[in-house]
Amino acid sequence: MKRLIVTLAALTAILLIPAAVMAQGYATKPADAVIIPLGVAGTDYSKLEPGVRGGTVYVGTISNPKKWNAVTAHETSTTQYTNIMQPGLVNLNPITAGYDPELAKSWEVSADNKVITFHLRQGLKWSDGTPFTADDVVFSFMDLYLNTDIETDTRDVLQLPDGNFPVVAKVDDYTVTVTCSVAFRPLLNSMTANIMPKHKLAQYVAKLNPAVAADAFNQVWGLDTDPKELVGMGAFMVESYTADLNVVMKRNPYYYHYDSKGTQLPYLDKYVVLTVASQDVMLLKYQNGEIDCFAPRPQDIPILKPEEKTKNLTVLVKGDQPGFGTTWVVLNWDTQNQKYRDLFRTLKFRQGVAHLFDKETMIRNLFNGLAVPQWSPVSYLSPFYSGRETYAGPVTEKNAVVFEYSIDTAKALFDEIGLKDVNNDGYREFADGTALEITLATNAGNTTREGACLIIADDAKKAGLKITTNFIDFNVLVNQLMGQEDYKAIYLGLTGGTEPHSGANVYMSTGGLHAWHYSAATGDITDVEKRVDELMNLAAAEFDLDKVFEYYKEYQTILSEDLGFLYTINQAFIYSYYNRIGNAQVASPIATPSGNNGLTMDLIYKKS
Amino acid sequence: MAKRTLRRRQKKADEQKASQPRTVNRSQGQMIWRAFLRHRLGSVGMILVAIFAVVALFAEFFMPYPYAEQFRQYPFAPPSVVHWSEDGTFVGPFIYATQRVVNQETYQPVFVENKATRYYLRFFTHGSEYKLLGLFKTDIHLFGARAEDGSTTPLFVFGSDNFGRDIFSRTLFGSRVSLAVGPLVVLFSFPLAIFLGGLSGYYGGGVDMILQRIGEVFLAIPGFPILLAAGAALAGLGLSPVMVFLGIIIALALVSWAGTARVIRGQILAIREMDFVNAARAAGASDVRVILRHIIPNVTSYLVVSATLTIPGMMLTEAGLSFLGYGIREPMTSWGQLLNGASNIAGIESHPWQLIPGGFIVISVLAFNFMGDALRDAVDPFSII
Amino acid sequence: MLTFIVRRTLYMIPLLVVVSLISFMLIEIMPGDYLTKLKTNPFVTQKTIAEMAKRYGLDKPPLTRYWFWFQGIITRGDFGMSFESRRPVFATLFESGRLMWTFIVSLTTMFISWAVAIPLGIYSATHKYKASDHTLTFFGFLGLSFPSFFFALVLLWLLVGVFNVGQHGLGVGGLFDNRFIDTPWSLAKFGNLLWHLWPAWLVIGTIGMAGLLRYMRASVLDTLSLQYVQTARAKGLSEKVVIYKHVVRNAINPLVSLLGLSLPNLVAGSLIAATILNLPTVERAFFTSLTAQDDYVIMGALLFFSLFLLVGNLVADILLAWVDPRIRYN
């Protein structure tokens with residue numbers, strides 16, 4: 001009898017202990033948890049409000065993800081999920097566009113600016129309950145991102161100006177140091193890199209586990225993986241995936257964000273992303289109530305606005321706030337024909353072309369009024385934008401380098417450099433009489449780009465400059481842009497970020513995307529380019545943000561004046577959501593609930 | 001016999017001949033033409049196609065504005081409203097100038113009429129200069145809108161697109177490409193299909209095996225990547241737009257011949273065992289003659305239907321190719337392209353007049369179809385109308 | 001007949017090899033490759049791209065790459081990996097039951113469109129030039145003159161904007177409404193599936209129907225004017241028997257060939273309608289791989305479509321011989 005009772009007691013204990021261990025979530029709020037002060041006056045989040053737990057929100061996306069591996073991901077259709085699942089040491093603040101401490105709670109920079117010490121939050125757990133420590137951080141950087149076996153875009157971003165890479169080392173369980181051979185301020189922005197769980201992934205890294213092939217990690221966590229295997233620190237983890245239809249994400253019970261009332265975030269139980277291949281159908285599904293929030297296109301606004309009252313939704317139009325990224329015309333300074341080379345390198349010619357851009361018509365006819373003229377290589381949203389007067393100050397546009405739409409000014413400039421219409425066919429020729437014709441190429445199928453080219457060509461005709469449009473396959477266009485095929489002019493755009501240094505590849509003379517003047521890398525460098533290189537390096541080594549702002553201000557001014565890229569327009573921010581979604585008004589060009597960086601998903605809640 | 005008897009007999013013979021119904025010898029072609037004309041819908045179809053062809057040839061005359069002219073202040077303008085009288089008095093057809101005003105609440109643009117000036121609808125008016133048929137310089141257009149003081153305002157019969165380009169003008173200009181592409185592809189692919197399908201079906205055996213396998217290779221690969229690749233190859237050659245267009249036609253023909261050949265082969269397999277074929281062979285006709293003169297006319301039904309079905313398909317395929325960057329480039333246009341640009345929710349809800357070119361596709365397709373029906377009936381020796 | 005079938009099946013193998021060669025050439029002619037899009041990413045250096053090229057084998061000459069791929073199939077049955085997702089080619093094409101859904105959508109559509117088009121074609125022919133014939137003709141060509149995505153879009157727009165189906169809790173596009181995601185099968189779920197499938201039948205079916213209707217009509221008209229039909233009528237047979245027992249059997253010849261040709265459409269057709277209607281089909285995976293230039297997935301898909309066409313043609317030829325006793329394959 002005694003033995004029976006003991007056995008029963010033992011069995012009960014054995015059953016209960018794992019149950020206690022498996023009870024999901026923190027028993028008590030961790031001391032180092034991130035507190036989001038929703039609705040607290042005087043903070044960034046004062047305009048939002050604390051919500052209630054429960055419910056599912058549906059958003060839409062165009063493409064399927066390609067894998068669940070954050071490290072080897074190449075495109076946004078994948079990173080929109082992995083960025084939610086595995087946050088980094090720091091993360092972008094969706095309201096201020098600054099960098100907030102995320103997995104790291106604080107950091108210090110050494111006196112010589114070469115060593116950054118990160119203090120990690122303590123007592124946090126991965127989504128499967130394993131404790132989060134400095135081992136995971138060191139593993140992510142040294143064994144994944146900086147491991148040459150592994151195919152990742154992040155390695156380039158971590159590279160220092162002198163070609164070396166930083167060294168990430170563990171000091172203790174919750175402290176790591178990042179040591180650089182040269183002072184490199186932008187490295188802090190690269191600390192948004194996803195931190196991966198060592199306990200799940202170390203076995204796939206050949207460097208740590210010789211039993212697997214060198215390529216093994218590049219294939220792990222593909223779409224065939226059982227979602228239960230995916231582990232992260234983020235707000236939601238993937239629960240299921242059905243190709244071409246949907247991705248279902250469920251709440252991570254060990255997420256370390258709490259609101260000021262002590263409620264653990266995220267509020268939502270589930271976050272479902274519907275794959276809808278057509279933007280038009282996404283609009284219809286939104287109107288039908290199947291999608292809760294979505295980013296409309298300018299032509300959708302007149303359709304949605306009247307439905308605000310009838311369907312109880314909100315349409316946000318911020319007509320003066322563009323998104324990240326640049327759109328421009330580039331003239332090839334290295335084109336094969338010597339005459340055109342000389343012409344494109346003449347500043348007055350580029351200025352004349354810049355005066356041909358009728359940005360007002362482009363905004364009205366292509367974007368239904370919902371776009372902003374662009375003058376600078378740095379995004380409007382960046383705290384370093386030269387339209388501000390101080391770092392992170394308000395935008396006043398006092399220093400913008402503007403080229404007004406003026407056919408007469410263009411004509412005068414063309415006359416000055418000797419382009420005259422000798423044979424009276426309506427078009428100017430070179431000074432020696434040879435015909436002058438510029439082909440402006442862009443990718444076929446992109447109606448706004450095609451439209452902008454047509455408008456430019458039409459205006460050029462008025463000034464006597466012959467521009468012929470050529471809409472071609474995107475891949476052919478890229479080949480031309482990369483300098484592998486000859487071209488005269490291209491109309492294209494690039495993505496951007498808040499840190500101007502992320503444009504190093506484009507604006508520095510040796511950059512791989514220095515599209516208008518690749519020969520600068522081999523010695524044919526102009527004074528402007530020399531100064532741009534100098535400024536970039538100065539700004540990268542400087543940690544005093546006000547000084548950095550001055551460097552970048554000059555950088556933007558001389559680039560805008562030099563017209564390597566002739567900027568056009570940028571779409572303004574528009575968004576729409578049903579009023580039953582709480583805190584959806586946080587949507588901005590920096591982050592939206594249906595956007596690609598998953599930054600606001602933990603704040604959204606379902607109103608009953 | 002006496003001369004008088006002879007003359008009397010001659011006269012009687014003449015009278016007899018005169019009272020009998022005359023027989024006239026007509027060639028097969030003439031018979032087919034008359035049978036065709038008896039078919040009312042087919043004649044209507046033919047007239048429509050003829051009208052379209054004339055308009056296409058002299059398009060610049062019928063178009064009030066050049067196809068690429070942008071009236072930038074009038075994006076997505078609705079069709080101009082033609083007034084006939086002002087304040088109760090009849091003055092003749094005229095329009096008012098309009099102004100685009102955007103409702104700040106709903107972001108919906110509205111075009112408000114400015115009743116200050118009347119712009120009268122004038123015919124054979126002066127407009128932009130062009131070369132009629134590519135030869136004669138002139139600036140006369142069929143119609144335009146002009147005020148008493150000579151100023152003009154754009155007259156949009158079908159409304160305008162997002163650059164303020166007149167859709168009516170672009171529809172007329174686009175007819176050149178759209179009307180040509182279908183018949184041209186048929187012209188290139190059908191002879192090939194008939195020849196190879198005929199050989200295949202008639203001879204059977206080894207010839208059939210080989211030709212069908214070759215055809216299967218063409219059929220197996222979905223047309224879409226072949227067209228993409230062909231388009232990319234053509235684009236790389238830097239040819240003039242006309243040559244590119246021809247190249248696309250040839251690519252389209254190459255993609256479509258195999259299907260037609262296969263069906264013809266199937267029908268020939270059935271026909272070749274028939275008595276009249278054996279009879280022709282027994283009479284000593286060569287194989288080629290048997291195929292061309294005896295068998296092929298019996299598959300005409302299928303061919304005619306196939307041709308009339310190919311035409312709309314080709315119109316749309318050409319538009320799809322241009323959308324991807326191969327083929328006709330902006331600002332040049334075709335009906336299919338115009339329809340592509342209009343086929344979205346904003347188009348359907350906010351500016352549905354952009355869909356009018358689609359109507360032209362339907363009408364021309366129906367016209368070709370009825371012509372085809374009439375042709376089929378006219379050629380069929382057994383049909384009873 | 002048996003030797004015929006065996007010979008045709010054996011011929012498929014060299015044919016597929018030829019198709020694979022041509023497909024490969026087509027991929028080569030298309031400008032750029034998988035890495036081209038990555039080059040426009042301002043954060044990625046040329047060095048990284050060169051490394052990736054080496055890893056994917058894209059730096060080797062075309063013939064070498066083709067040979068490696070070919071060898072892989074012969075020796076290991078390995079059709080290659082997708083560059084995008086790093087999974088085997090057919091796992092990428094057929095994931096999440098795509099193959100099953102493709103068949104379900106295509107087979108049901110084909111069945112319905114044939115079941116509607118053939119009787120309508122016969123009716124059209126027997127009532128030649130009457131109002132009903134013209135009406136059918138008009139709607140048939142209406143269906144052909146507008147691109148399929150336009151129809152799909154207008155249909156969905158009608159459902160959402162005009163009929164407001166969202167108010168009744170019904171969704172558009174995809175296979176199921178939101179509330180059925182990840183739920184087990186039930187009668188309600190099956191009903192919901194039908195609600196999502198019928199637009200596909202309408203849009204995809206309409207296009208095929210127009211052609212079928214015209215071909216059937218022409219074919220029946222041809223046969224109607226033949227002498228044995230007059231003989232049958234003279235014999236005193238009812239019109240119904242004449243049509244269905246004599247005419248249709250002979251008129252159906254060209255359509256049997258068409259059946260073989262339409263089989264590849266089962267898996268490779270109606271891409272655009274499937275995109276708008278958001279149906280998970282193999283051709284969508286193929287199109288994604290085409291735009292991303294995911295070489296081996298493209299090859300795998302083309303081989304798959306080709307196999308279907310070859311099988312379809314063989315079936316059609318067999319059917320042709322069975323239906324029409326005049327045909328001999330000698």
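This structure is a prediction, so every number in the text was calculated from the model and none was measured. Residue numbering restarts at 1 for every chain, and letters A, B, ... go by the order of the sequence lines.
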Please list, chain by chain and in numerical order, all residues satisfying side chain to side chain contact (heavy atoms under 4.5 Å, CB included) with [X], sequence neighbours excluded.
X: A:D156; result: C:V44, C:T45, C:T48
X: A:N312; result: A:N579
X: A:H514; result: A:W516, A:H517, A:A520, A:E529

Part of [X] lying under 4.5 Å from any heavy atom of chain C:
X: A:L274; answer: side chain
X: A:S63; answer: neither
X: A:T56; answer: neither
X: A:Q484; answer: side chain
X: A:N443; answer: neither
X: A:L513; answer: side chain
X: A:T72; answer: neither
X: A:L223; answer: both

With a 4.5 angstrom heavy-atom cut-off, is it the side chain or the backbone of [X] that approaches chain A, or both, or neither?
X: C:E51; result: side chain
X: C:Q46; result: side chain
X: C:T288; result: side chain
X: C:L38; result: side chain
X: C:L170; result: backbone

Quick check on the structure: residues of residues 178-193 of chain C within a heavy-atom distance below 4.5 Å of chain A, by number.
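Expected list: C:N178, C:I181, C:D182.
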Knowing that exactly one of A:V248, A:N64, A:N246 qualifies, which makes a side-chain contact (heavy atoms from CB on, under 4.5 Å) with A:Y241?
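Looking at A:V248, A:N64, A:N246, the match for A:Y241 under the side-chain contact (heavy atoms from CB on, under 4.5 Å) is A:N64.
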Go through the steps to decide whether C:Y56 and A:E151 satisfy the test side chain to side chain donor-acceptor pair (under 3.5 Å), and finish with yes or no.
CA-CA 11 Å; C:Y56 293 146; A:E151 179 190 301; 2.7 Å; yes
Pick from [options] with the largest number of heavy-atom pairs that fall under 4.5 Å of chain C:
options: A:D215, A:N69, A:T78, A:V506; value: A:D215
options: A:L283, A:I303, A:L481, A:T275; value: A:T275
options: A:Q219, A:E75, A:K67; value: A:Q219

Do the side chain of A:D292 and the main chain of A:Y58 share a donor and acceptor less than 3.5 angstrom apart?
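Yes, because the side chain of A:D292 sits within donor-acceptor range (under 3.5 Å) of the backbone of A:Y58.
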Give me the one residue out of C:F94, C:F90, C:F304 that meets ring-ring contact (aromatic ring centres under 6.0 Å, His included) with C:F79.
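The ring-ring contact (aromatic ring centres under 6.0 Å, His included) with C:F79 is passed solely by C:F90 among C:F94, C:F90, C:F304.
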